[in-house]
Amino acid sequence: MATKVYDVCIVGSGAAGGVLSAHLARAGVDVAVVEGGPKVDTRTAFNTHAMPYEFLNRHIPTMKVGKEGFDSERSRGVGGKTMLWNAVAWRFSHRDFKGRTYEAAGEDWPLDYPDLAPYYERIEREVGVCGNADHLEDLPDGVFLPPVPMKQSDLLIKRGAAKLGVNVIHVRKSTLSVASKTRPACHFCGNCMAGCDVAAKYNSADVHMNPALRTGKLEIFPNSVVREVVVSNENRVTGVRFLDRHTKQEGEIRARSVVVSCACVQSVALLLMSKSRLYPSGLGNSSGELGKNFIPHFTGGVEIFLKDLIGKPVVNDEGFLDHAYVPSFMHNRKRDYARSFGMQFNYQNHRAVGWARSLPGFGAAYKESVKARYPAYVVMSPYGEMLPHAGSYIDLDDKQKDAFGLPVARRTIAYSDNDLKLFREMTDWARRISESAGAEILSVSPDPKPNHEIGGARMGSDPRRSVVDKFCRSHDVPNLYVVDASVFPSSSEKNPTHTIMALAARTAEHIADRFKKGDM
């Protein structure tokens, strides 16, 4: 019997793969999703409500005993990193898409906010995003559920920021503040990045893929680590080759088109591994740009104790971690660097009290000091936008292999003068806001650290300078797509996942339309 040929094979099941698969299946497109990790039962697999004292060394493992998943980069689980994200959901603005036009630095996208706005709205209606309409030029409003209340510590920081002319707004998250027909509202257990056991927080498996299975147009292949996207001599991708996660045996899935949506670095690595006679330096890499333009967010950290809360009674106020946010405010201010920053804060999990090691003292007095400061602890974490440059890139380390014998993806990051100026400025503002709020400073990060991974397969209109076009379609291979943060030409200072999902919805519509026209 001939092996089935799917319309679309999607590699990865996270924010992009989940949206793509559901939207395509609902449009009647026959879809296979290939995921390196196992199926994960959200309700039973995670230690969501666990406490440190229940485990050896007070370390809470992500998965419960006997449950598989999320133990390495190549073996996560169906649902990808949406299982373990913080769910922050910002729309990018016109200034984010056209940063080079505004500041003569970085790179413009080949699309603009009006192109993506309808897809942002579609995603917001599907997943549920709580937040407030703040009417900010650099942070477009969306379709929101009611915001969650700010915590007492948030209000103290908001008051301090206001003295400096800085705005603090309600956070926007893909977490239900009110119940839907199929999902309950958040119950504020305060452990969002360890799996939500009721799916109040969005994950792609529960919200997109599992319902789409009922169409009969979606099949999921878990525990299948893709090692190569196959391209024919006619310059068309024909499917993927994978290794069984447990047996290491090779398998193949055939398809009329392939979408690589593994997550930024993993997608670039897969394309680099997919070498052939036509593409000796990596699939779809005739431009030589694959792996270049790696622009992860960089962040710092200012740990503080709010003096007004030191010694106050401990209350259960973790909520769904951060309830407030400092949006970008530097774009219209005089400065000697390009781009801006936003600031998350109060998103630490109180199950981990590593800061206690930094306090002086010993014995009973030391314990009382930790207890007094427990309700007052806050982390201010600004996020800055890195500009693309030659010093930051992704490549393969052919000398280092993973458990599947595949080369390990290597990240090389070098911060430019602009990046360092921005880092110093955002760290200074985090300190200033903290002090204005009446904080005792515990520590200040001296150097930037990478966070959300972005770039490496840039989209653009010029095939000589980019990897994919404005619909995330390869310039080189007509039936190959890449959809995740790797295609971002610029990163903004905003969390990327909401934009990844909007791009996935737009790309799904484009692919479905090509099939309807017989163009695939």
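Side-chain N or O atoms of Ser21 include one that pairs as donor or acceptor with a backbone N or O of Gly18 at under 3.5 Å. Asp322 contributes no side-chain N or O that, together with a main-chain N or O of Ala324, makes up a donor-acceptor pair within less than 3.5 Å. Between the side chain of Ser261 and the main chain of Val11, no donor-acceptor pair closer than 3.5 Å is present. At distances below 3.5 Å, at least one donor-acceptor pair connects side-chain atoms of Arg458 with backbone N or O atoms of Arg465. Remark: the backbone N or O of Asp134 is paired with a side-chain donor or acceptor of Asp141 at under 3.5 angstrom. Ser369 places no side-chain N or O within 3.5 Å of a backbone atom of Ala365 that could act as its donor or acceptor partner. Remark: the backbone N or O of Ser174 is not paired with any side-chain donor or acceptor of His498 at under 3.5 angstrom. Proximity of a side-chain donor or acceptor of Asn210 to a complementary backbone N or O of Ala205 within less than 3.5 Å is detected. Judged by distance alone, with hydrogens and angles left aside, the side-chain atoms of Asn86 form no donor-acceptor pair with the main-chain N or O of Val88 at under 3.5 Å. In this structure a side-chain-to-backbone donor-acceptor pair under 3.5 Å is present from Thr82 to Gly79.
Classification of Lys494 and Asp96 as a salt-bridged pair holds, one side-chain N sitting under 4.0 Å from a carboxylate O. By the 4.0 Å N-to-carboxylate-O rule, Asp317 lies too far from Lys151 to be salt-bridged with it.
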Might you work through the salt bridge (charged side-chain N to carboxylate O under 4.0 Å, His left out) test for Asp395 and Arg410, ending with a clear yes or no? CA-CA 5 Å; Asp395 65 357; Arg410 181 167 49 194; 2.9 Å; yes
Going through the checks in order, is the salt bridge (charged side-chain N to carboxylate O under 4.0 Å, His left out) test met by Glu124 and Arg91? CA-CA 10 Å; Glu124 287 157 0; Arg91 293 188 181 199; 2.7 Å; yes
Kindly indicate, with the supporting measurements, whether the criterion salt bridge (charged side-chain N to carboxylate O under 4.0 Å, His left out) is fulfilled by Arg43 and Asp206. CA-CA 10 Å; Arg43 310 309 196 267; Asp206 284 318; 3.3 Å; yes
For a ring-ring contact (aromatic ring centres under 6.0 Å, His included) check, start with the C-alpha distance between Tyr377 and His350, then their side-chain angles and the critical distance, and finish with the verdict. CA-CA 9 Å; Tyr377 178 76; His350 286 112; 7.1 Å; no
Evaluate the criterion side-chain contact (heavy atoms from CB on, under 4.5 Å) for residue pair Glu126 and Met501; output intermediate values, then yes/no. CA-CA 11 Å; Glu126 289 177 4; Met501 295 168 74; over 6 Å; no
Check the pair Arg335, Glu425 against salt bridge (charged side-chain N to carboxylate O under 4.0 Å, His left out), reporting the backbone distance first and the verdict last. CA-CA 9 Å; Arg335 61 200 193 282; Glu425 181 85 343; over 6 Å; no
For a side chain to side chain donor-acceptor pair (under 3.5 Å) check, start with the C-alpha distance between Asp108 and Thr101, then their side-chain angles and the critical distance, and finish with the verdict. CA-CA 7 Å; Asp108 284 348; Thr101 297; 2.5 Å; yes
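Looking only at atom types and distance, the side chain of Gln348 has a donor-acceptor partner in the side chain of Asn346 under 3.5 Å away. Side-chain contact annotation: Tyr393 with Arg411, donor-acceptor N/O pair under 3.5 Å absent. A donor atom on one side chain and an acceptor atom on the other are found under 3.5 Å apart for Ser490 and Trp109. With hydrogens and angles left out, the side-chain atoms of Tyr415 and Ser392 include no donor and acceptor closer than 3.5 Å.
Sorted by first and then second residue, the salt bridge (Lys or Arg N to Asp or Glu O under 4.0 Å) pairs involving residues 294-311 (not counting sequence neighbours) are Arg159-Asp308.
The side-chain heavy atoms of Val198 and Arg183, taken from C-beta on, include no pair separated by under 4.5 Å. Side-chain contact between Glu318 and Arg351: present, with at least one pair of heavy atoms (C-beta onward) separated by less than 4.5 Å.
Gly456 approaches Ile394 most closely through the heavy-atom pair CA-CD1, 4.4 Å. Residues Ala105 and Ala338 come closest through the heavy atom pair CB-CB, 3.8 Å. Between Ile123 and Ala505, the shortest heavy-atom contact is CD1-CB, 4.2 Å. For Cys262 against Ser267, the heavy-atom pair with the smallest separation is N-OG, 2.8 Å. Taking each heavy atom of Val127 and Leu176 in turn, the nearest pair found is O-CD2, 3.7 Å.
Both tests hold for Lys173 against Phe320: distance to the six-membered ring centre under 6.0 Å, angle to the ring axis within 45°. With a 6.0 Å cutoff to the six-membered ring centre and a 45° limit on the axis angle, Arg473 does not count as a cation-pi contact of Phe471.
Annotation: Tyr102 is in aromatic contact with His94 [ring centroid separation under 6.0 Å]. For an aromatic pair to be called close, the ring centres must be under 6.0 Å apart, and Tyr383 with His452 satisfies this. Between His170 and Tyr325, the ring center distance fails the sub-6.0 Å criterion.
Applying the ring-ring contact (aromatic ring centres under 6.0 Å, His included) test to Phe144 and every residue at least two apart in sequence or in another chain returns nothing. Legend: residues meeting side chain to side chain donor-acceptor pair (under 3.5 Å) with Arg76, ordered by chain and number and at least two apart, are absent.
The aromatic rings of Trp355 and Tyr374 sit tilted, their planes meeting at an angle between 30° and 60°. Using cut-offs of 30° and 60° on the angle between ring planes, the pair Phe488 and Phe92 is perpendicular. A perpendicular orientation is assigned to the rings of Trp429 and Phe329, their planes being inclined by more than 60° (bins at 30° and 60°). Between Tyr481 and His510, the ring planes are perpendicular. Angles over 60° get that label, and only those under 30° would be called parallel.
Screening Lys64, Lys67, Met83 for a side-chain contact (heavy atoms from CB on, under 4.5 Å) with Phe46, the sole residue that qualifies is Met83. Applying side-chain hydrogen bond (donor to acceptor under 3.5 Å, both in side chains) to Asn495 and the options His297, Arg172, Gln344 leaves one that passes, Gln344.
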